[in-house]
There are 2 protein chains.
Amino acid sequence: MKSNLQRSNNRNDLLLDAAAELFATQGFRSTTIRDIAKASGMLPGSVYYHYASKEELLLAVYDTGVAQIVAAFEAAVSRTNHPWERLSIAISTHVEAITQDSHYMRVINRVLPEHIPDQLGALTEMRAKYEACFQRLIEDLPVNASVNRSLLRLMVLGALNHTQFWFDPKGELTPAEVGEAFTGFLVESIATDQTAEKTSEKGDSHAS
Amino acid sequence: MKSNLQRSNNRNDLLLDAAAELFATQGFRSTTIRDIAKASGMLPGSVYYHYASKEELLLAVYDTGVAQIVAAFEAAVSRTNHPWERLSIAISTHVEAITQDSHYMRVINRVLPEHIPDQLGALTEMRAKYEACFQRLIEDLPVNASVNRSLLRLMVLGALNHTQFWFDPKGELTPAEVGEAFTGFLVESIATDQTAEKTSEKGDSHAS
DNA sequence: TCCTTAAACAAACACTTGTTTTTCTAAGAG
DNA sequence: CTCTTAGAAAAACAAGTGTTTGTTTAAGGA
């Protein structure tokens, strides 16, 4: 039988952390095994004791990242039952995730499945767990029947994914303001009348 | 003096075309000089007779791509003076550009300046020429005073940049429908009243 | 104490990368 | 018919890549 006191697992976590940080800041292709090994204080070959390949290391990071961002998402969204507020909160949570917090979540934004063809299926599957959050959230939005919810989801996801290239955490805008603005751009156009009125009272979309 | 009949320039164009296609379909890093040489029917070393480096080759492709997409943009947008229709047309032009047409335009979408740190400045400068088109277009939109036009532009650009990952030219949606949908999601929320009414008559945003 | 084994080291391997150098070819100029 | 030279071939270079292999270390169980 196995001993209940395994030798230090911590180096494995350290390795994973280092990989996450490097994947998040440099991307997958630009990060070498030697970079990761150096950052976690070991030699290149030692990495392969823990993970069979560089791509498997990415999968482990990705898995953790998805779990974290889904958890952050659900925690944030549970604060209210109002569908449009939920969208706003979800957006700000996403923006927060890619600027602060752990590097694992940033990997989900930076490394797109389409960029690693060999792992396209696995990565897409994981990422789908996150995108499904938005799917449910958008399904719950009270919008006009003519609205193509799938296109709406893709528009929002695209806008969110791009925030990594322009959002400056030291800038004037807060993640919450981005969420409110993006939501505000949409709400009155597509919401059913009663929900639009309810939201516009507290939203920032109208001046007059 | 130089002879007016230079030897065949066409191999240079062929080289550029091959590079554009590969950069567009595989990305910059994943495309090797050997790939490009093979696709243009020459040997790796011969590429360097025409371009001093792989990155210089990218710059040449990028430059052509920006010129083409700006031209396509302006030609499309000039068809109407209505600001919201212009936005819709601009979006559909973008979606068309990344699916049909030349590979040069697809490179602009696929290869983001942030991914090639050594040429960040040059690429950003070129890309700005394209993004400026949207900036002017959004400046001309009659929207409420509370609307942050900069955020609106970033939202639209993000959504557009992401279309490459999901838009299927063989699918049910046409680029024009994407443009109309995206515009429809926005127009009534942020447009000043009279323009919103004008647009909603022909748009597809309201059912009731 | 002996043995097992998790964990890492040390060093190379096999290959790919962008790039350079040298050599050849063929077309136009004089 | 030479001479020059644009243009490409051929082959290698130097650096970097992911990965594998053989060896060492040290902790825990018998």
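Note on naming: letters A, B, ... go to the chains in the order of the sequence lines (proteins, then strands), and numbering restarts at 1 for each one. What you are looking at is a predicted structure, and each value in this text was computed from that prediction instead of being measured.
Taking atom CZ on A:R29 and atom C1' on C:dT16, their separation rounds to 12 Å, with Å as the unit. Regarding B:L15, its CG atom lies at a distance of 11 Å from the P atom of D:dA9, rounded to whole Å. Note: CE (B:M42) to C1' (C:dT23) measures 17 Å, nearest angstrom. The CD1-P distance, from A:I116 to D:dG18, rounds to 13 Å in whole Å. Between the OH atom of A:Y51 and the P atom of D:dT20 there is a distance of 17 Å, rounded to whole Å. Atom CD1 of B:I33 and atom P of D:dA15 are 19 Å apart (whole Å). Distance NZ (B:K54) to C1' (D:dA15): 15 Å, rounded to an integer number of Å. B:L43 places its CG atom 11 Å from the P atom of D:dA8, with the value rounded to the nearest Å.
With hydrogens and angles ignored, the 3.5 Å screen pairs no side-chain donor or acceptor of A:S30 with any backbone N or O of A:G27.
Among the nucleotides C:dT17, D:dT19, C:dA6, the one closest to the side chain of A:Y49 is C:dA6. For B:Y48, taking side-chain heavy atoms from C-beta onward, the closest of the listed nucleotides D:dT19, C:dG18, C:dC9 is C:dG18.
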**Report entry** Worked check of side chain to side chain donor-acceptor pair (under 3.5 Å) between A:Y51 and A:N12
**Finding:** CA-CA 9 Å; A:Y51 296 93; A:N12 194 332; 3.0 Å; yes
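If you check distances only, the side chain of A:S46 never reaches the base of C:dA7 with a donor-acceptor pair under 3.5 Å. The base of D:dG18 sits with one of its N or O atoms less than 3.5 Å from a complementary donor or acceptor on the side chain of A:R34.
With contacts defined as side-chain heavy-atom distances shorter than 4.5 Å, the pair B:I36/B:F23 qualifies.
Side-chain N/O atoms of A:H50 include none lying less than 4.0 angstrom from OP1 or OP2 on C:dA6.
Contacts of B:T31 with the nucleic acid, taken as non-hydrogen atoms under 4.0 Å apart, involve only primed sugar atoms and P, OP1 or OP2.
Along DNA chain D, the nucleotide nearest to A:G45 and the one nearest to B:G41 differ in position, and the one closer to the 5' end is contacted by B:G41.
Taking CD1 of B:I33 as the reference point, atom NZ of B:K38 lies at 15.0 Å (rounded to 0.5 Å).
Between A:R86 and A:T80, the side chains place no donor N or O within less than 3.5 Å of an acceptor N or O (distance only, hydrogens not considered).
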